[in-house]
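This report concerns only the one structure given below.
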Amino acid sequence: MAEPFVEIRKTHKPGNPEQVCYEVYDGDTGGSLGHFEDATQAQQRADSMNSMTSRETGKRLDKPTDEAEVE
């Protein structure tokens, strides 16, 4: 099984280091796909991106996790 293509990272909101948010992160490109205050919204975005990638490549990807943390 492939590694997660898109994952969720618990981090700090850009411009507001006191506020925690969830970043949807593209592990392939190393880029952010957005920051969300709600983990459910971030999970939906990551699932959507992973599903699209799975359809395009024909490979099943692991579900992303919100356990990854950025320091």
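Counting from 1, the numbers follow the sequence of the chain as shown. For clarity, every value in this text was computed on a predicted model and none was experimentally measured. Values reported hereafter were calculated over all heavy atoms of this structure, with side chains retained and with hydrogens, waters and symmetry mates removed.
Among all heavy-atom pairs drawn from Tyr22 and Ile8, the shortest one is CB-CG2, 3.9 Å. Residues Pro17 and Gly15 share a closest heavy-atom pair of CD-C, 3.8 Å.
His12 places none of its side-chain heavy atoms less than 4.5 Å from the side chain of Cys21.
With sequence neighbours left out, the side chain to side chain donor-acceptor pair (under 3.5 Å) criterion links Ser48 to no other residue. Under the rule for a side chain to side chain donor-acceptor pair (under 3.5 Å), the partners of Gln19 that lie at least two apart in sequence or sit in another chain are Asn16.
Checked for salt-bridge contact, Glu37 and Lys13 meet the test: a charged N lies under 4.0 Å from a carboxylate O.
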Could you walk me through whether Phe36 and Arg45 pass the side chain to side chain contact (heavy atoms under 4.5 Å, CB included) test, one step at a time? CA-CA 10 Å; Phe36 300 85; Arg45 173 75 169 153; 4.0 Å; yes

Walk me through it: do Glu23 and Thr11 pass the test side-chain hydrogen bond (donor to acceptor under 3.5 Å, both in side chains)? CA-CA 7 Å; Glu23 177 184 25; Thr11 187; 5.1 Å; no

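When the options Asp28, Thr29, Asn50 are evaluated for a side-chain contact (heavy atoms from CB on, under 4.5 Å) with Val6, the one that passes is Asn50.
A donor-acceptor pair under 3.5 Å is absent between the side-chain atoms of Asp26 and the main chain of Gly31, judged by distance alone.
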